[in-house]
Amino acid sequence: MALLLEHEFRPLPADKQIETLPFLEAVAHLPPFFDCLGTPIVYSPVKADLAGNIKKIRAVYDSNPTKFKTLQNILEVEKEMHGAAWPKTGATLALMWLKRGLKFMLVLLQSISDGERDEEHPNLIRVNAMKAYEIALKKYHGWMLQKLFMGSVYALPYKSDLLKALEKGREVKEEESIEKIHQFLTRVTPILDAIYEMYTRMNAELSYKA
């Protein structure tokens, strides 16, 4: 899976302290995933949002790499810095939305990897995309964004075309591509889960609608 595996995520350490720079360097390769889904009117903004949030977090990290060495450091320092405005500000807010975009991506890929499908149309990925949207993004979107997304599922590529796009155009057996997706998920899912746990623990999660 050329696109997903070209830059490895470090294993989650036992203390779940995720180093900021290696995380950002790995995740910076993922926004092009949304190009593979077609439907630019829906997924180009998601891609741009993902890339923009990575850039915002990187700018905060670059301002003081020692102070912001881990993602938890970012939340702790910004909580102290911004007071009542936190967590709806700075890299804390950017990481909050970044993790949601990544969650959508991971749930979609996990659903495909698990073999979930519409039995009447097994090469479509609508079922997988709808599941990912329901879990990761729907409750944070207003009515218009929800309608836009619901319409977009009818323009999604076939599963075979998505897998080919993730292989950057190479013809690869489906089982081989699914195994690579599984490898990617094994690496990234524990990291994303740890970020969600951190937001819950620090009471940094917000539920307002975009």
Does the side chain of [Y] come within less than 4.5 Å of [X]'s, by heavy atoms?
X	Y	result
Phe9	Phe184	yes
Leu75	Leu71	no
Tyr199	Leu95	yes
Lys138	Lys209	no
Ile57	Ile54	no
Leu124	Leu156	no
Leu93	Met96	yes
Leu185	Ser113	yes

Taking the basic N atoms (NZ, or NE/NH1/NH2) and the acidic carboxylate oxygens, is any pair closer than 4.0 Å for Glu76 and Lys67? no
Counting N and O atoms only, with roles assigned by atom type, does the side chain of [X] sit under 3.5 Å from a partner on the main chain of [Y], one being a donor and the other an acceptor?
X	Y	value
Ser111	Val107	no
Gln72	Met198	no
Thr89	Ala85	no

Output all residues satisfying ring pair (Phe, Tyr, Trp, His ring centres under 6.0 Å) with [X], sequence neighbours left out; order by chain, then residue number.
X	value
Tyr133	His141, Phe149
His29	His7
His121	none

Under the salt bridge (charged side-chain N to carboxylate O under 4.0 Å, His left out) definition, can you give me all pairs with a residue in [range], not counting sequence neighbours?
range	value
residues 86-113	Lys99-Glu205, Arg100-Glu205
residues 110-128	Glu116-Lys131, Arg117-Glu119
residues 150-161	Lys159-Glu174
residues 12-25	Arg10-Glu19, Lys16-Glu197

What verdict does the side chain to side chain contact (heavy atoms under 4.5 Å, CB included) test give for Ile195 and Leu98, after you've listed the backbone C-alpha separation in whole Å, the side-chain angles of each residue and the deciding distance to 0.1 Å? CA-CA 10 Å; Ile195 295 172; Leu98 173 61; over 6 Å; no
Run the salt bridge (charged side-chain N to carboxylate O under 4.0 Å, His left out) test on Lys173 and Glu179 for me, step by step, so that the C-alpha distance in whole Å, both residues' side-chain angles and the decisive distance to 0.1 Å come before the verdict. CA-CA 10 Å; Lys173 289 182 180 178; Glu179 175 54 32; over 6 Å; no
Verify side-chain hydrogen bond (donor to acceptor under 3.5 Å, both in side chains) between Ser177 and Glu167, making sure each step is shown before the conclusion. CA-CA 8 Å; Ser177 292; Glu167 294 282 2; 3.2 Å; yes
May I have all residue pairs that pass ring pair (Phe, Tyr, Trp, His ring centres under 6.0 Å) and include part of residues 32-86, sequence neighbours excluded? none
Nearest atoms (heavy-atom pairs only) where Ala129 meets Leu108: N-CD1, 3.5 Å
Passing candidate, side chain to side chain contact (heavy atoms under 4.5 Å, CB included) with Ile125, options Leu163, Val153, Ile112: Ile112
Once salt bridge (charged side-chain N to carboxylate O under 4.0 Å, His left out) is applied, do any residues pair with [X], and if so which ones, sequence neighbours excluded?
X	result
Asp193	none
Glu171	Lys164
Glu8	Arg187

Side chain to side chain contact (heavy atoms under 4.5 Å, CB included) between Met105 and Leu30, intermediate numbers included: CA-CA 9 Å; Met105 178 181 174; Leu30 298 183; 3.9 Å; yes
So if you build clusters from Ile, Leu, Val, Met, Phe, Trp, Tyr with side-chain heavy-atom gaps below 4.5 Å, do Leu137 and Ile135 land together? no
Report the residues that fulfil side chain to side chain donor-acceptor pair (under 3.5 Å) with Asp35, sequence neighbours left out, ordered by chain and then residue number. Lys47
